[in-house]
Visitor: 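Would you mind keeping the following structure in view while I ask a few things?
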Amino acid sequence: MGEAVCRDATVVGIGEYRIGCTPLSTIGLGSCVALILHDEVRSLGGMAHVMLPAANGRRDRPGKYADSALEVLLSGLREQGCRNGSVAALLVGGSTMFGNLCGALNIGERNVTALRLLLHEHRIRIRAEETGGTFGRSLVYYPRANGKVCIRRADGTCIEL
């Protein structure tokens, strides 16, 4: 199993996104979701650290919202020559960090639901996901290693997608 810590990875902070072929990581996902789009032919991809389900017209930080994050990642991948047919998604995060919140206040669940719907609308299959629960996660995404994702849960458990 790979490591969920990579010193050479570029860290994608809250509301940010990156595209490339070198390792990308994000730390401390709670209700936020790491949206990863991986091109299985070109061995490159992008990751956004999505904080909220919808931009509602805001354009300040496109990686912050599910809808605008998907658009900027797709646009960036297309500029690199990627086609929708070779792009698959991975979703990580979307926890319920506060057990007494439910329904519309459960941002983690709403983020995951919004991303699943948007990916379906764009006909992008979800290759794997590690979502839900009540714990935080950190991860490293390796575009050149067939899009491998190494996840470290807050309890120290490591898994690989």
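Only a predicted model underlies this, so the values are computations on that prediction, with no experimental measurement involved.
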Visitor: Do you reckon Leu24 sits in the same ILVMFWY cluster as Val11, going by side-chain contacts under 4.5 Å, direct or chained?
Guide: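 Different clusters.
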Visitor: Within the 4.5 Å heavy-atom criterion, are Leu161 and Val92 side-chain neighbours or not?
Guide: yes
Visitor: Donor-acceptor pairs under 3.5 Å, side chain of residues 44-51 to any protein atom, not counting sequence neighbours: which ones?
Guide:
{"unit_1": "His49", "atom_1": "ND1", "unit_2": "Val12", "atom_2": "O", "d": "3.4"}
{"unit_1": "His49", "atom_1": "ND1", "unit_2": "Thr26", "atom_2": "OG1", "d": "2.6"}

Visitor: Is there a side-chain contact between Leu73 and Leu35, using heavy atoms and a 4.5 Å cut-off?
Guide: yes
Visitor: Give me the atom names and distance for the closest heavy-atom approach of Ala66 to Leu115.
Guide: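 Between these two residues, the closest heavy atoms are CB-CD2, 3.6 Å.
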Visitor: Give the cluster check for Ile124 versus Ile36: same hydrophobic cluster or not, with ILVMFWY residues linked at side-chain heavy-atom distances below 4.5 Å.
Guide: no
Visitor: Do the side chains of Val87 and Arg83 get nearer than 4.5 Å, heavy atoms only?
Guide: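 Not in contact.
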Visitor: With a 4.5 Å limit on heavy-atom distance, are the side chains of Glu160 and Val149 in contact?
Guide: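 A side-chain contact under 4.5 Å is absent here.
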Visitor: So, Arg137 and Ser95: side-chain donor and acceptor under 3.5 Å apart, yes or no?
Guide: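 Side-chain D/A pair, Arg137 to Ser95: present.
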Visitor: Should Arg152 and Leu139 count as side-chain neighbours, where that means a heavy-atom distance under 4.5 Å?
Guide: no
Visitor: Only counting residues at least two apart or in another chain, list the ones meeting side-chain contact (heavy atoms from CB on, under 4.5 Å) with Ser31.
Guide: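 With sequence neighbours excluded, Ser31 shows a side-chain contact (heavy atoms from CB on, under 4.5 Å) to Ile107, given in chain and number order.
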Visitor: Spell out, yes or no, whether Leu74 and Leu118 are grouped together once hydrophobic residues are joined by side-chain heavy atoms under 4.5 Å, including indirect joins.
Guide: yes
Visitor: Using a 3.5 Å distance criterion without hydrogens, assess whether the side chain of Arg42 forms a donor-acceptor pair with backbone atoms of Asp39.
Guide: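 Judged by distance alone, no pair lies under 3.5 Å.
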Visitor: What are the two closest non-hydrogen atoms of Pro62 and Ser68, and how far apart are they?
Guide: O-OG, 2.7 Å
Visitor: Between Leu29 and Ala34, what is the shortest heavy-atom contact and its length?
Guide: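 Closest approach of Leu29 to Ala34, heavy atoms only: CD1-CB, 3.8 Å.
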Visitor: Only counting residues at least two apart or in another chain, list the ones meeting ring-ring contact (aromatic ring centres under 6.0 Å, His included) with His38.
Guide: Tyr141
Visitor: Main chain of Lys148, side chain of Asn146: is a donor-acceptor contact present, judged purely on distance under 3.5 Å?
Guide: no
Visitor: Considering only heavy atoms from C-beta outward, does the side chain of Leu77 approach that of Ile19 to under 4.5 Å?
Guide: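 Yes, close enough: below the 4.5 Å cut-off.
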Visitor: Do Ile126 and Val112 share a hydrophobic cluster, counting only Ile, Leu, Val, Met, Phe, Trp and Tyr and linking them when any side-chain heavy atoms are less than 4.5 Å apart?
Guide: yes
Visitor: Ignoring hydrogens and angles, tell me if any N or O in the side chain of Thr113 forms a donor-acceptor pair with the backbone of Glu109 under 3.5 Å.
Guide: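 Here the side-chain-to-backbone pair exists.
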Visitor: Are Leu91 and Arg116 close enough that some pair of their side-chain heavy atoms sits under 4.5 Å apart?
Guide: yes
Visitor: Partners of Glu79 by side-chain contact (heavy atoms from CB on, under 4.5 Å), sequence neighbours excluded?
Guide: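 Testing Glu79 for side-chain contact (heavy atoms from CB on, under 4.5 Å), a comparison that skips the adjacent residues, returns Ser75.
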Visitor: Testing the basics here: between Gly15 and Arg61, what is the closest heavy-atom pair and its distance to 0.1 Å?
Guide: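 Shortest heavy-atom contact: CA-NH2, 3.5 Å.
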Visitor: Should Tyr65 and Leu70 be counted in the same cluster of Ile, Leu, Val, Met, Phe, Trp and Tyr side chains packed under 4.5 Å apart?
Guide: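 Shared cluster, no.
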Visitor: Taking only residues two or more places apart in sequence, or in another chain, which ones meet Glu16 in a side-chain hydrogen bond (donor to acceptor under 3.5 Å, both in side chains)?
Guide: none
Visitor: At what distance, to the nearest 0.5 angstrom, does SG of Cys32 lie from CG of Asn111?
Guide: 7.0 Å
Visitor: Residues two or more places apart in sequence or in another chain: which of them pass side-chain contact (heavy atoms from CB on, under 4.5 Å) with Arg59?
Guide: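 Here no residue qualifies.
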Visitor: Over all heavy atoms of both residues, which pair between Pro23 and Tyr142 is shortest? Give the atoms and the distance, please.
Guide: CG-CD2, 3.9 Å
Visitor: Does Glu129 reach the side chain of Leu90, with side-chain heavy atoms less than 4.5 Å apart?
Guide: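 No, too far: nothing below the 4.5 Å cut-off.
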Visitor: Could you check whether Arg125 pairs with Glu40 (Lys NZ or Arg NE/NH1/NH2 to Asp/Glu carboxylate O, under 4.0 Å)?
Guide: yes
